[in-house]
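Reading through the structure tokens given below for one structure.
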Amino acid sequence: MRMYDIILKKRNGGILSKEEINYFIKGYTDKTIPDYQAAALLMAIYFQKMNENETVYLTEAMTNSGDIINLADIDGIKVDKHSTGGVGDKTTIVLAPMVAACGVPVAKMSGRGLGHTGGTLDKLESIPGFSTEMTREKFINNVKNFKIAIAGQTADLAPADKAIYALRDVTATVDNISLIASSIMCKKFASGADSIVLDVKTGSGAFMKNIEDAFELAYEMVKIGNGMGRDTVALITNMDEPLGYAVGNSLEVREAIETLKGGGPGDLKELCVTLGSHMLLLAGDVGTAEEGRQKIKSVISTGKALEMFKILVGEQGGDVDCIENTDLLPQAKGIYELKSDKTGHINKIEAETVGSASLILGAGRETEDSIIDHSVGIILNKKIGEYVQTNDTLAYVHYNDYKRREIAVKRLKSAYLIEKTAKPKQPLILGIVDQKGLLKKSDCVI
Ligand code: URA
């Protein structure tokens, strides 16, 4: 087999065989295929696309390119949840203890943030002492003993994806649905998931800016999941404005803790209950999504979810006192109030712009090596659909550096659109896709 022939076949619109895809992935992982040939194939895939079988073969080959975590020693169906990334998305921090408190094991491998989106690991590490680095044995033992562990993805997990993603990033081949879907799903399979619930975000703060692309990505991932024998469900959710009010690491942890205590923002709570109900359903823990919702709600009201979060934090070296007293979490030196200079309805709070303002404050990474300031960020005071008067506070900017604050505030201001007439607000959950296809909002419990 020759890489040249594989490139030529795809360039001319041919369908690649499983052997050809395996040859490419093996060769690129062991570096016998050079970057220029891999880049040429990616560009051919970008233009000619891949069919369902090719996408499954690619996912399978990337999954098998490195370590596969074996969770078979842990009793029960291991359901993973993945979000395609957004602004203020602290869902995992709330959801993982909720689901574990229902008795369903949560063995979660999470990522770090890059650019305007934050990462769960960075957020959790704002709890003093909390560590997401642990041996494979400890990870599995914690899930066995306590039902929950959240760790960072190791370099040995799907190394082919790591290399290909870096190449896509510099060759303008990121935004191809098959390449995105296989990249996300191979990491889920390699981390040992039996079943997967996906949160595919769409809107200004999401990877998928428009709803059609989000649905297409959802269908593709659900097909791959089920094609590889894993029950997979995708929720398509709105990311036109940040999720909840808090954006920035310790601020988001604080909001997650409030939610586990039974308070918290309505949209965050709704998303966690909905995702959680589908996780319980896939785990076989409940018979219907509605039953799942009730069970998730009950572990919040009984305090069991909060207890589970304390166990998670304590077992991973974090300061548990921060949970009762969130003032112990890192705090910025100053808080600036952004006031409205208009009276009207908030029709837009562009999530990507809020995320980038938070990044400017130091809450995120510009490059992979950037050091994060866990204490800074933004707390929105109003959400889309609310009415404001001139001088009302739109947001609180938590900052440590005056110069950064000045730039961030300017950026944050530009996120808002305040108009005389209110525009209709998009629902949070736009649809659910399972292996039977699209369940419309009216057909399913959401
Ligand atoms: N996230 C991934 O892991 N891969 C992609 O290709 C895009 C988003």
Side-chain angles (χ1 to χ4, degrees), residues 62-63 65-85 89-101 104-114 117-159 161-162 165 183-199 230 249-250 252-253 256 260 275 279 283 305 308-320 322-323 365 368 372 374:
M62 293 201 294
T63 305
S65 67
D67 277 4
I68 297 183
I69 301 193
N70 185 350
L71 301 177
D73 276 357
I74 303 165
D75 289 340
I77 297 172
K78 274 69 68 183
V79 186
D80 203 351
K81 167 257 169 192
H82 179 83
S83 155
T84 58
D89 186 1
K90 66 283 291 172
T91 312
T92 297
I93 303 171
V94 184
L95 186 59
M98 280 178 179
V99 171
V104 170
V106 177
K108 184 92 191 85
M109 296 234 155
S110 283
R112 296 197 180 274
L114 186 64
T117 63
T120 299
L121 300 186
D122 300 317
K123 292 171 197 182
L124 282 170
E125 283 169 1
S126 65
I127 301 171
F130 193 96
S131 171
T132 53
E133 275 173 35
M134 64 182 90
T135 61
R136 183 83 48 89
E137 288 69 35
K138 180 165 163 67
F139 180 69
I140 290 176
N141 280 336
N142 278 13
V143 183
K144 270 194 197 166
N145 297 331
F146 312 109
K147 295 268 180 231
I148 190 165
I150 302 182
Q153 269 164 19
T154 63
D156 316 327
L157 204 83
D161 172 66
K162 196 161 192 253
Y165 192 83
S183 164
I184 291 173
M185 295 303 278
C186 74
K187 287 172 287 216
K188 298 291 108 189
F189 299 144
S191 49
D194 296 321
S195 300
I196 302 151
V197 174
L198 298 159
D199 179 7
R230 267 76 156 200
N249 302 285
S250 67
E252 291 191 41
V253 169
L260 285 165
L275 287 167
M279 288 177 78
M308 187 53 83
F309 186 62
K310 287 183 186 166
I311 292 171
L312 169 75
V313 171
E315 284 304 318
Q316 297 196 207
D319 180 358
V320 181
C322 289
I323 301 170
R365 282 191 187 79
E368 267 188 50
I372 282 194
H374 287 111

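- The two residues Pro97 and Ala305 come nearest to each other via the heavy atoms CB-O, 3.5 Å.
- At a threshold of 4.5 Å between non-hydrogen side-chain atoms, the residues Asp67 and Arg136 count as touching.
- To the nearest 0.5 Å, atom OG of residue Ser250 and atom CG of residue Leu124 are 12.0 Å apart.
- Contact record, Lys188 with Lys81: NZ-O, 4.0 Å, taken as the closest heavy-atom pair.
- For Glu125 and Thr132, the side-chain atoms include at least one donor-acceptor pair closer than 3.5 Å.
- Asp89 contributes no side-chain N or O that, together with a main-chain N or O of Gly85, makes up a donor-acceptor pair within less than 3.5 Å.
- Across all non-hydrogen atoms, the minimal contact from Gln316 to Ile150 is NE2-O, 2.8 Å.
- For Glu315 (side chain) and Ala149 (main-chain N/O), no donor-acceptor pair under 3.5 Å exists by modelled atom type.
- In this structure, the side chains of Ile93 and Thr120 come closer than 4.5 Å at one or more pairs of heavy atoms.
- Between the CD1 atom of Ile148 and the CG atom of Leu312 there is a distance of 4.5 Å, given to the nearest 0.5 Å.
- Considering every non-hydrogen atom in both Cys322 and Pro128, the closest pair reads SG-CD, 3.6 Å.
- Closest non-hydrogen pair, Ala190 versus Leu157, comes out as O-CD1, 3.6 Å.
- Residues forming a salt bridge (Lys or Arg N to Asp or Glu O under 4.0 Å) with Asp161 (at least two apart in sequence, or on another chain): Lys187.
- Proximity of Met98 to Leu260: side-chain heavy atoms (C-beta onward) are separated by under 4.5 Å at one or more points.
- Scanning both residues, Pro105 and Lys78, for their nearest heavy atoms gives CG-CD, 4.1 Å.
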Check the pair Met185 / Leu198 against side-chain contact (heavy atoms from CB on, under 4.5 Å), numbers first and verdict last. CA-CA 10 Å; Met185 295 303 278; Leu198 298 159; 4.2 Å; yes
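- Contact annotation: the side chain of Lys147 never approaches that of Val104 to less than 4.5 Å [non-hydrogen atoms, C-beta and beyond].
- Here the side chains of His374 and Val253 are not in contact, with every heavy-atom distance at 4.5 Å or above.
- With contacts defined as side-chain heavy-atom distances shorter than 4.5 Å, the pair Phe130/Val313 qualifies.
- Side-chain contact between Ser83 and Thr92: absent, with no pair of heavy atoms (C-beta onward) separated by less than 4.5 Å.
- Separation of atoms OG1 (Thr135) and CG (Asn141) is listed at 8.0 Å; rounding is to 0.5 Å.
- Side chain of Asp80 to backbone of Ile196: no donor-acceptor contact under 3.5 angstrom is found.
- Between atom CE of residue Met109 and atom CG of residue Leu121 there is a gap of 10.0 Å, rounded to the nearest 0.5 Å.
- Between Val143 and Leu71, every side-chain heavy-atom pair lies at or beyond the 4.5 Å cut-off.
- Of the inter-residue distances, the one linking His82 atom NE2 with Leu275 atom CG reads 12.0 Å to the nearest 0.5 angstrom.
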